[in-house]
Number of protein chains: 2
Amino acid sequence: MARPRSFDPDQTLGALKALFWEKGYEGTSMQDIEAATGLGKQSLYRVWADKRAMYLAALASYARDEVTGLVQMLDGDGPPRARLAALLDGAVAQADRRGCFLCNASLDQAQANPDTQAQVQAMMQMSLAAFTRLAGGDAAKGAALNAGYNGLRGMSAAGLDRAVLRKAADGVLKLLET
Amino acid sequence: MARPRSFDPDQTLGALKALFWEKGYEGTSMQDIEAATGLGKQSLYRVWADKRAMYLAALASYARDEVTGLVQMLDGDGPPRARLAALLDGAVAQADRRGCFLCNASLDQAQANPDTQAQVQAMMQMSLAAFTRLAGGDAAKGAALNAGYNGLRGMSAAGLDRAVLRKAADGVLKLLET
DNA sequence: GTAATTCGTGACCAATCAGTCAATAATGAA
DNA sequence: TTCATTATTGACTGATTGGTCACGAATTAC
């Protein structure tokens, strides 16, 4: 018996994720958020307590979508080498400048906020575990693959040529066959 | 024929580097800078035009110190494997939460500022070239090593256990011997 | 000593920050 | 329809942002 919300919070969360991913926590203002979502502050604050809650929700959304996707790809069907190749090819092909939201969060927010840190570590562990499974349980190989993949995305974010990214991906792929 | 400056800008630059490295551009306020350097705004602004100039100077200082150090270590004496091992051991032992200033800058500032982007790319190229030399000219291997090293530092920044970092370092080291 | 010039300090600026409040609009239950 | 309840809007808050200005202190050239 009350007025219903006129927007879909899940959809708004997508916009929040894109914003924070691109501009970081400090780099995103409430004004940016209002503009990107087309909503007033009050509507937003009614769903999330404050800006930090919006950020954490966006990060959780990233974990749900992207990290889960990564794990599924690594745990998928076919020979391990093909699965890894598909993942790396995707990273090379995308080649956006945003990097990995998770890694960005780790760098600029984790130390400033315990909740963020916990979420980042949990996601990193999931990714690490998936890479280790892919490497047939070889923990060193799994950890190195995880490092290689994250590093590749970092190089992509730095704006390196796609040719270089291609080579890096090839090199990382070889790591699986040692 | 005028009053001399009462502080050493180079020394101040060290404090600026540490600050921006730890907290990022947006996360560092002029108030923080005044506190960390013990100087008033006017003294700072007389040396650097604005906050952005301070950031770029700090980044350049990082390039001069750390990136040059990395390159020298990779180009040093002894068997390549030992040089790489020393670098990786250092990354594992340090295990701080700041990550690589260069990578942080790439992620949160490069897209917002062309000067930063240029500097980041130049440094990344230097690092990449050094890794490729280490790999005996094998571009794919060099790029993968670069990715692995940066990824390792990212994992360190994310706060993963040193044991995991150790394993990742071992895995990356194996990459050299393929 | 004196003039010229730069330095350092603290008050000050408009703009922006995240967040709040009061008033109005819209809805469903009765 | 009426009423209770929630959503939305926009004005507003105090705090903080990066940056400036004016003034007194310090120093060197002469």
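First the proteins, then the strands, lettered A, B, ... as listed; each starts at 1. Because the structure is predicted, anything quoted here is derived from the model rather than measured.
In this entry the distance linking CZ of A:Arg5 with P of D:dT6 reads 11 Å, nearest Å. Going from atom CZ of A:Arg3 over to atom P of D:dT2 covers 21 Å, rounded to whole Å. The interatomic distance linking B:Asn113 (CG) with D:dG18 (C1') rounds to 16 Å, in whole Å. Straight-line distance from the CE atom of A:Met54 to the C1' atom of C:dA18: 9 Å, rounded to whole Å. One atom, OH of A:Tyr25, and another, P of C:dC17, lie 13 Å apart when rounded to the nearest Å. The CG atom of A:Leu39 sits 13 Å away from the P atom of D:dA7 (whole-angstrom rounding). Going from atom OH of A:Tyr45 over to atom C1' of D:dG10 covers 15 Å, rounded to whole Å. Whole-Å rounding puts the A:Met30 CE to D:dT16 C1' distance at 17 Å.
The shortest distance between the side-chain N/O atoms of A:Ser6 and the OP1/OP2 oxygens of C:dA26 is not below 4.0 Å.
The local environment of CD in B:Gln31 is sparse, with at most 12 non-hydrogen atoms from other residues, nucleotides or ligands closer than 6.0 Å. More than 12 heavy atoms of other residues, nucleotides or ligands lie within 6.0 Å of NZ in B:Lys141, so this atom counts as buried by the packing criterion.
Each of D:dA7, D:dT17, D:dG19 was ranked by its minimum atom distance to the side chain of A:Arg46; first place goes to D:dA7.
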With side chain to side chain contact (heavy atoms under 4.5 Å, CB included) as the criterion, how do B:Arg162 and B:Arg166 come out once you've worked through the C-alpha distance, each side chain's angles and the decisive distance to 0.1 Å? CA-CA 6 Å; B:Arg162 198 162 296 194; B:Arg166 181 69 268 158; 5.6 Å; no
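Counting distance only, with no hydrogens placed and no angle test, the side-chain atoms of A:Lys41 and the base atoms of C:dG19 include a donor-acceptor pair under 3.5 Å.
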